[in-house]
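Right, one structure below, let's go through it.
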Amino acid sequence: MYSSETVQTISTNERYARCIEASKRVRWEIDRDIIRGRRFDPMQKFMPDGLTMAPKFTTLSEGERRFVSQIQGRTYASVFGLAERFVNAKVLEVSRDHWFGDQTALEALVRFSDEELKHQALFRRIESLIDEVLPPGYDFVADANEVSKAVLQKSTWAVLGLTLDIELFTQLHYRQSIESDESLSPLFRDVFLYHWKEESQHAILDELEWVRHDTMIDAAERDSAVDDLIDLVNAVDEILVAQASGDARYFAETCGRKVTAGERRAIEATFLEAYRWTYIHSGAEHRRFSNVLSAMVSETQGTRIQNALKALH
């Protein structure tokens, strides 16, 4: 759905209008289109190997790798439940600029907000359904409200940049999920599909708002905002480091066999590698993100951002 070539040839107003048209066309409901009375099957993977990095869990059996994918699926639901909260708050905030102006842009952003609220509800449902089939003891380390409050203390420029990273990596997640893999849960595959359908429009809207906001700040504010974006990425990484540790602990305590200290450290390191790819690098390395960012920042600022990302490997 997201085509940079098409995007570059149409007017800004038309881009907002096309997002409205697409929003109406792909509109879905959680129970009618995704859940459909289904439950998760513990004999199926929840996340595709391209995101879980399953082959790198070299000491685990096939069944244990499946369990890892289920743990990561639960974390996926929790991470998005968190991210959608601050994204929605920022979308509502920037929509104020259009209240008495471009009503097409306003409608597009109101739809964006409505869909983000629905996505939060979706991921709460998914987390609850996963809870039914996984052993007790799982813990998500971050509080969605507290993290969102901290994120929103940063500059709008930085928050919109982080948001575009998130919106774009959902597209890669969808592509990973449709790879031929009969062991992947059909229910989770539908989560990727339907989430992608609406996030494709959100990526375009977020880009429009990020670029629009960039024209409203001066060079010094932009330079400070670059530091804010780096701070946000590092804050996300801190959450991922803690979650990888918690998920490795949970695996070790519930997998049904003794896990040595050395093996647990290796499992934790692979969890972290997978999470950094899934929630940071897969969006930051997206061509569209690079193009939009490089058009706004100086070479020196771009290097600062790239060096910060490289440190998270």
Side-chain angles (χ1 to χ4, degrees), residues 1-2 15-16 19-20 22-23 26-28 30 75-98 105-127 140 142-174 191-192 194-214 225 228-229 231-237 239-240 275 278-280 282-284 286 288-289 292-293:
M1 286 189 180
Y2 192 88
R15 291 175 70 183
Y16 283 112
C19 287
I20 293 171
S23 172
V26 305
R27 177 79 187 181
W28 48 264
I30 295 171
T75 293
Y76 191 89
S78 298
V79 167
F80 268 99
L82 182 158
E84 307 273 9
R85 192 158 303 182
F86 69 74
V87 168
N88 188 49
K90 181 55 68 175
V91 168
L92 289 172
E93 179 186 316
V94 299
S95 74
R96 292 174 60 95
D97 294 343
H98 302 288
L106 178 60
E107 180 182 351
L109 292 174
V110 168
R111 285 181 171 276
F112 187 160
S113 173
D114 175 63
E115 290 161 358
E116 292 293 287
L117 287 169
K118 180 176 64 177
H119 297 176
Q120 288 185 53
L122 168 65
F123 286 112
R124 287 194 297 269
R125 286 287 301 280
I126 294 303
E127 202 280 335
F140 185 62
D143 180 275
N145 287 329
E146 293 306 312
V147 170
S148 296
K149 290 175 186 177
V151 169
L152 294 170
Q153 289 177 0
K154 297 296 185 179
S155 63
T156 292
W157 190 95
V159 177
L160 291 174
L162 177 64
T163 301
L164 184 60
D165 176 271
I166 293 169
E167 308 292 4
L168 290 173
F169 69 51
T170 61
Q171 298 181 36
L172 178 133
H173 298 176
Y174 166 69
V191 170
F192 286 118
Y194 285 94
H195 193 217
W196 164 77
K197 284 184 175 184
E198 292 183 336
E199 293 293 351
S200 294
Q201 283 69 251
H202 297 182
I204 296 172
L205 291 170
D206 186 68
E207 178 191 328
L208 287 167
E209 290 300 304
W210 193 17
V211 171
R212 182 183 66 83
H213 182 77
D214 184 71
D228 278 353
L229 179 58
D231 288 345
L232 286 175
V233 171
N234 286 331
V236 170
D237 190 64
I239 293 172
L240 300 181
Y275 288 164
T278 300
Y279 303 112
I280 297 176
S282 61
H286 193 288
R288 191 62 193 166
F289 183 84
V292 174
L293 179 64

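No experiment lies behind these values; they were computed from the predicted model shown.
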Contact check, side chains of [X] and [Y], non-hydrogen atoms, under 4.5 Å:
X	Y	result
His213	Val94	no
Val91	Val87	yes
Gln201	Arg111	no
His173	Tyr76	yes
Arg27	Glu115	yes
Asp214	Trp157	yes

Heavy atoms only: give me the nearest [X]-[Y] pair and the separation to one decimal.
X	Y	value
Leu172	Ser282	CD2-CB, 4.0 Å
Ser200	Gln171	CA-NE2, 4.3 Å
Leu162	Leu229	N-CD1, 3.7 Å
Lys197	Val26	O-CG2, 3.8 Å
Thr163	Phe86	OG1-CE1, 4.4 Å
Leu122	Ile30	N-CD1, 3.5 Å

Parallel, tilted or perpendicular: ring planes of [X] versus [Y], cut at 30 and 60 degrees:
X	Y	answer
Tyr174	Trp196	parallel
Trp28	His119	parallel
Phe80	Phe123	parallel
Phe112	His202	parallel

State whether the side chain of [X] and the backbone N or O of [Y] hold a donor-acceptor pair below 3.5 Å, judged by distance alone.
X	Y	result
Ser148	Asn145	no
His286	Phe169	no
Asp228	Ala158	no

Worksheet item: Do His98 and Glu209 have side-chain N/O donor and acceptor atoms under 3.5 Å apart?
Response: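 Yes, a side-chain donor-acceptor pair sits under 3.5 Å.
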
Discussion item. Between Lys149 and Glu146, is the salt bridge (Lys or Arg N to Asp or Glu O under 4.0 Å) condition met? List the steps.
Written reply: CA-CA 5 Å; Lys149 290 175 186 177; Glu146 293 306 312; 3.6 Å; yes

Discussion item. Does this structure show an ion pair linking Lys118 with Glu198, if we count only N-O contacts that are shorter than 4.0 Å?
Written reply: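 A salt bridge links Lys118 with Glu198.
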
